[in-house]
Amino acid sequence: MEGTTKKEASPEQIVHELSGVVPAHYVMPPQDRPSASAGAAPIPVIDLGRLSGPNPDAQEAAKLRSALETWGFFMVSNHGIETSVMDAMMNVSREFFRKPAEEKQKYTSLINGERFRVQGYRNELVKSDGQTLNWSHRLSLQIEPEDARSLHLWPNHPETFRDVLIEYSSKTKAIRDLILRAIANLLKLDENYFTNRFTSKALALARLGYYPSCPRPDLVLGFKPHCDGGALSILFLEEHTRGLQVLKDGKWYDVLCEPYTLLINIAECMEIMSNGIFKSPTHRVLTNAVKERFSVVIFNGVDEETMIEPAPGLLDEKRLAKYRKVKSNDYYASVFGQFRQGKTIKDTLKV
Ligand SMILES: O=C(O)CCC(=O)C(=O)O
Ligand SMILES: [Fe+2]
């Protein structure tokens with residue numbers, strides 16, 4: 001992960017090597033550029049083994065509550081995904097991104113060279129509507145529901161890519177459900193209130209990220225500030241991977257990850273379903289002058305056809321709904337719409 005070898009010269013790197021100048025369409029406006037970090041966010045590691053079963057550990061549950069109330073992010077250990085599977089996942093991702101540009105372009109998310117679809121490979125090299133671009137490449141693939149997979153966009157090199165992605169992502173389902181139950185317990189809802197909304201029709205989207213090194217990390221962002229769509233994001237970063245930051249009280253804090261833990265954050269539908277008790281954190285990714293960076297995110301969303309709404313069990317005459325309900329199909333149509341321009345859907349649903 002620490003490697004800085006550049007097997008593939010991306011257009012950014014060519015620019016970098018020739019002149020050290022970042023193209024103008026990556027340069028953030030001064031107010032949005034990376035500022036000094038407020039320090040590392042003290043995000044706890046939750047031992048998932050201690051949260052599962054009929055008698056979850058109260059101390060561990062309290063740690064989860066505090067993390068959800070404070071940061072919206074936490075790490076999980078004892079999560080059931082073998083280190084070999086995690087290593088394999090990162091390796092196939094890295095191998096994919098190291099392929100020549102023409103090879104990756106076969107999986108492009110551009111339709112007819114102009115419109116983006118959600119799935120596929122996207123290198124953010126296409127300038128659009130004066131937006132400043134992220135200094136990153138991504139490969140997004142819908143994994144669930146199974147019949148929604150667009151397998152023609154799944155790389156078949158390295159040969160193990162598909163099997164590894166399926167194995168890795170299917171193992172995140174148990175993590176998702178365990179956390180959903182723990183959150184329901186914290187909110188004193190029926191333990192299966194959330195998991196009932198995540199049947200075999202629930203949505204899972206994988207986003208593999210590659211952030212090349214950048215000659216001017218002070219001017220650009222690997223990923224602009226955003227709240228994740230869906231309900232729960234499961235993020236895998238290797239040891240020593242830096243760059244992720246979370247916004248709290250107007251300050252940006254670094255989010256660091258311990259080896260072989262997973263970083264979890266709640267996404268905007270969980271904020272809505274918890275009626276704002278747990279907030280979906282705004283986060284961003286910085287680049288690095290010498291190190292490239294890789295990440296693997298699994299976004300989890302409720303079933304299509306269900307309603308995304310504050311849980312009725314959290315509402316009464318004193319606790320009114322803070323968000324309007326939205327049909328998940330309509331929600332996904334907005335999330336997957338082109339160029340969200342930094343807007344979050346939850347904000348448009350606030351009462
Ligand atoms: O790469 C990362 O660390 C985070 C990526 C991210 O926030 C996202 O893909 O939504
Ligand atoms: Fe994100």
Side-chain angles (χ1 to χ4, degrees), residues 1-2 28 31-48 50-51 59-79 86 134-136 172 175-176 178-179 182-183 186 207 209 211 217-218 220-271 274 276-289 291 293-300 342 344 346:
M1 174 57 232
E2 293 292 277
M28 300 298 297
Q31 68 277 13
D32 298 332
R33 291 179 193 165
S35 43
S37 157
I43 288 172
V45 184
I46 313 273
D47 179 340
L48 278 192
R50 296 175 66 189
L51 267 190
Q59 234 182 330
E60 218 59 18
K63 253 165 55 179
L64 176 64
R65 172 186 291 282
S66 149
L68 290 174
E69 286 173 349
T70 317
W71 299 102
F73 268 102
F74 54 95
M75 279 174 269
V76 294
S77 64
N78 205 358
H79 49 62
M86 295 175 80
N134 291 322
W135 191 271
S136 53
T172 63
I175 301 172
R176 173 198 75 187
L178 215 146
I179 293 168
I183 296 178
L186 289 177
R207 186 191 279 158
Y211 304 77
D218 55 323
V220 308
L221 289 172
F223 209 128
K224 289 184 270 184
H226 65 281
C227 277
D228 289 346
L232 195 77
S233 306
I234 302 182
L235 172 62
F236 168 30
L237 300 174
E238 285 174 314
E239 197 177 352
H240 303 308
T241 302
R242 301 183 72 92
L244 179 63
Q245 293 193 319
V246 61
L247 184 66
K248 181 168 157 43
D249 303 328
K251 292 190 184 129
W252 289 101
Y253 292 81
D254 297 317
V255 180
L256 306 173
C257 200
E258 293 192 9
Y260 293 111
T261 59
L262 292 167
L263 264 171
I264 315 282
N265 69 278
I266 44 176
E268 61 181 355
C269 295
M270 183 51 82
E271 174 170 335
S274 76
I277 294 175
F278 299 139
K279 301 269 188 319
S280 159
T282 300
H283 53 286
R284 69 179 186 184
V285 180
L286 309 188
T287 61
N288 186 287
K291 281 185 198 162
R293 178 182 191 282
F294 295 88
S295 64
V296 175
V297 196
I298 307 288
F299 300 99
N300 293 285
T344 58
K346 66 182 166 102

Can you tell me if [X] uses its side chain to pair, donor with acceptor, with the backbone of [Y] under 3.5 Å?
X	Y	value
Thr261	Cys257	no
Thr70	Ser66	yes
Asn134	Lys224	yes
Glu271	Phe278	no

- Message: Just by distance, no angles: are the side chains of Ser77 and Asp47 close enough, under 3.5 Å, to form a donor-acceptor pair?
- Response: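 No, Asp47 and Ser77 have no side-chain donor paired with an acceptor closer than 3.5 Å.
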- Query: Among Val297, Ile264, Asn265, whose side chain to side chain contact (heavy atoms under 4.5 Å, CB included) with Ile234 holds?
  - Reply: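 So, applying the side chain to side chain contact (heavy atoms under 4.5 Å, CB included) to Ile234 and each of Val297, Ile264, Asn265, only Ile264 qualifies.
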Could you report the tightest heavy-atom contact between [X] and [Y], atom names first, then the distance?
X	Y	result
Glu268	Thr344	OE1-CB, 3.5 Å
Gly72	Pro281	O-CG, 3.7 Å
Asn288	Lys291	OD1-N, 2.9 Å

Would you mind reporting whether [Y] and [X] have side-chain heavy atoms less than 4.5 Å apart?
X	Y	value
Thr282	Val246	no
Gln245	Ser37	yes
Leu263	Leu244	yes
Trp135	Leu221	no
Leu48	Ile179	yes

Starting at [atom1] of [X], measure out to [atom2] of [Y] and round the result to the nearest 0.5 Å.
X	Y	atom1	atom2	answer
Glu69	Leu186	CD	CG	8.5 Å
Ile183	Ser274	CD1	OG	8.0 Å
His79	Ile46	NE2	CD1	13.0 Å
Arg242	Asp254	CZ	CG	5.5 Å

- side-chain contact (heavy atoms from CB on, under 4.5 Å) evaluation trace for Glu258 with Glu239: CA-CA 6 Å; Glu258 293 192 9; Glu239 197 177 352; over 6 Å; no
- Task: Examine Arg293 relative to Tyr211 and say whether NZ or CZ is less than 6.0 Å from the centre of the six-membered ring and inside a 45° cone about the ring axis.
- Result: yes
- Message: Can you confirm whether or not the ring centre of Tyr253 sits under 6.0 Å from the ring centre of Trp71?
- Response: yes
- Item | Between His283 and Phe73, ring centroids under 6.0 Å | yes
- Query: Do Leu262 and Leu235 pass the side-chain contact (heavy atoms from CB on, under 4.5 Å) test, and can you show the C-alpha distance, the side-chain angles, and the key distance before you say yes or no?
  - Reply: CA-CA 6 Å; Leu262 292 167; Leu235 172 62; over 6 Å; no
- Message: The test is side-chain contact (heavy atoms from CB on, under 4.5 Å); show your working for Ser35 and Trp252 and say whether it passes.
- Response: CA-CA 8 Å; Ser35 43; Trp252 289 101; 4.2 Å; yes
